[in-house]
Amino acid sequence: MKLASFTYQGRESWGAVQGDKIVDLGRHFAGRYPGLADFIASGDFAERDRIVQGLNADIPLSDITYLPVIPRPEKIVCLVRNYMDHHQEVLAAGMQRELSEFPPIFLRVWRSQVAHGLPIIRPKVSEQLDWEGEMALIIGKGGRHIAPADAYSHIAGYACYNDASIREWQFHAKQIAAGKNFVGTGAFGPWMVTADEIPDPENLKLELRLNGKIEQSSNTSNLIFKIPTIINYCSTIFDLVPGDVIVTGTPAGVGWSRKPPHFMKHGDVVEVEIEKIGILRNPVVNEA
């Protein structure tokens, strides 16, 4: 099932995508589950197919405005250099980084996110807005010290993410979060596909296109730290809760490593496509 968050006629909601329409589950569960994360945390999430079967998809997708899949997650945990080819391109570009023994992570704030179809914003202070196509997973069942063998049972679904980065701000210090939290840079959507639809999330083609040209092309099988390891590590640090988002890293092909470097600019259109999940598309605009 595809589940999305959106606004319609000035009202924030969420629902199940069916073809070119959506079932407004937020209206159906009015007062019970204000957002998608609340539904994921509930017992009704396991009954989603039965629930949706009796409802009409009566809102055209063309009439909604998407929100980030989880609009206000408690945590957005992002991994860096989690594809070997990306680690190698970073070294080739002159950055001195050792291959980490543990998953290298940083946090994004939810206000930095932007939905499918809405602009990624190049801030006034930078000419170095870079792309990073990634797969995100959404936590369905919370927990602490989650064993790797149990990790998949804690995942509600998967989505496309573009961890767009402001490169010179990222390199202000060894901690890279400054370049990863500008407003309107973390594109997330258009929906999540529930985990039952993705039996092998570590074997999905991932592609990023800029103005139709393929810039990144890889497969999630190339992750250095696999999903069970990531969830185990993150849950050792944090109490994971339903609706938390973990963004698993980007493969080679980012603009910063090019010679000369290449960055996104006003008027560009960037797409992240992941097999069995969908296409996340965003225009790029300059900050007003």
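In this text the structure is predicted, and so the values were computed from the model without any measurement.
Grouping the Ile, Leu, Val, Met, Phe, Trp and Tyr side chains by contacts below 4.5 angstrom, directly or via other members, places I230 with L107. Linking ILVMFWY residues whenever their side-chain heavy atoms come closer than 4.5 Å, directly or via other members, places I231 and F238 in the same cluster. In the hydrophobic clustering of ILVMFWY residues, with side-chain heavy atoms under 4.5 Å counting as a link, L206 and L204 come out together. By the rule that hydrophobic residues join a cluster once side-chain heavy atoms approach within less than 4.5 Å of another member, I166 and V109 end up as members of separate clusters. A single hydrophobic cluster is not seen to contain both I121 and V272; linkage of ILVMFWY side chains at heavy-atom distances under 4.5 Å, directly or through other members, places them apart.
In this structure a side-chain-to-backbone donor-acceptor pair under 3.5 Å is present from T250 to G133. E275 contributes a side-chain N or O that, together with a main-chain N or O of K205, makes up a donor-acceptor pair within less than 3.5 Å. No donor-acceptor pair closer than 3.5 Å links the side chain of T248 to the backbone N or O of I246. Under the 3.5 Å distance criterion, the side-chain polar atoms of K226 are matched with a main-chain donor or acceptor of S221. In this structure, the side chain of S235 does not engage the main chain of L240 through any donor-acceptor pair within 3.5 Å. Between the side chain of D244 and the main chain of K75, a donor-acceptor pair closer than 3.5 Å is present.
For R48, the salt bridge (charged side-chain N to carboxylate O under 4.0 Å, His left out) partners two or more places apart in sequence, or in a different chain, are D196. For K21, the side-chain hydrogen bond (donor to acceptor under 3.5 Å, both in side chains) criterion is met by no residue, not counting sequence neighbours. Here R50 pairs with E47 under the salt bridge (charged side-chain N to carboxylate O under 4.0 Å, His left out) rule; sequence neighbours left out. By the ring pair (Phe, Tyr, Trp, His ring centres under 6.0 Å) test, H172 is found to be paired with W169, residues two or more places apart in sequence or in another chain being considered. With sequence neighbours excluded, no residue forms a side-chain hydrogen bond (donor to acceptor under 3.5 Å, both in side chains) with N181. Among residues two or more places apart in sequence or in another chain, the ring pair (Phe, Tyr, Trp, His ring centres under 6.0 Å) test is passed with H28 by none. Residues satisfying the side-chain hydrogen bond (donor to acceptor under 3.5 Å, both in side chains) test with E215, not counting sequence neighbours, are R258.
Comment: E287 does not engage K124 in a salt bridge, judged by the lack of any side-chain N to carboxylate O separation of less than 4.0 angstrom. Comment: D268 does not engage R122 in a salt bridge, judged by the lack of any side-chain N to carboxylate O separation of less than 4.0 angstrom. Under the 4.0 Å criterion applied to side-chain N and carboxylate O atoms, R81 and E132 are not assigned as salt-bridge partners. Under a 4.0 Å N-O distance rule, the pair K276/E197 does not qualify as a salt bridge.
In this structure, I214 stands alone, with no Ile, Leu, Val, Met, Phe, Trp or Tyr side-chain heavy atom under 4.5 Å from its own, directly or through other members. Other members of the hydrophobic cluster containing V69, listed by chain and number, are M1, L3, W14, V23, L25, F29, Y33, L36, F39, I40, F45, I51, V52, L55, I70, I76, W110, I138, Y161, F188, M192, V245, V247; membership follows side-chain contacts under 4.5 Å among ILVMFWY residues, whether direct or relayed. Apart from L67 itself, the hydrophobic cluster it occupies contains nothing, where clustering links Ile, Leu, Val, Met, Phe, Trp and Tyr at side-chain heavy-atom distances under 4.5 Å.
Counting non-hydrogen atoms of neighbouring residues, nucleotides and ligands closer than 6.0 angstrom, the CZ atom of R11 exceeds 12 such neighbours.
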| said: As a quick check of understanding, evaluate side-chain contact (heavy atoms from CB on, under 4.5 Å) for I139 and L137, giving each step before the final call. | reply: CA-CA 7 Å; I139 295 297; L137 56 90; 4.0 Å; yes
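For the side chain to side chain donor-acceptor pair (under 3.5 Å) condition, the pairs that include at least one residue of residues 142-155, sequence neighbours left out, are Y152-E202. Residue pairs meeting the ring pair (Phe, Tyr, Trp, His ring centres under 6.0 Å) criterion with at least one member in residues 47-67, sequence neighbours excluded: Y66-H116.
What you find for R108 and A164 is that their closest heavy atoms are NH2-O, 2.8 Å.
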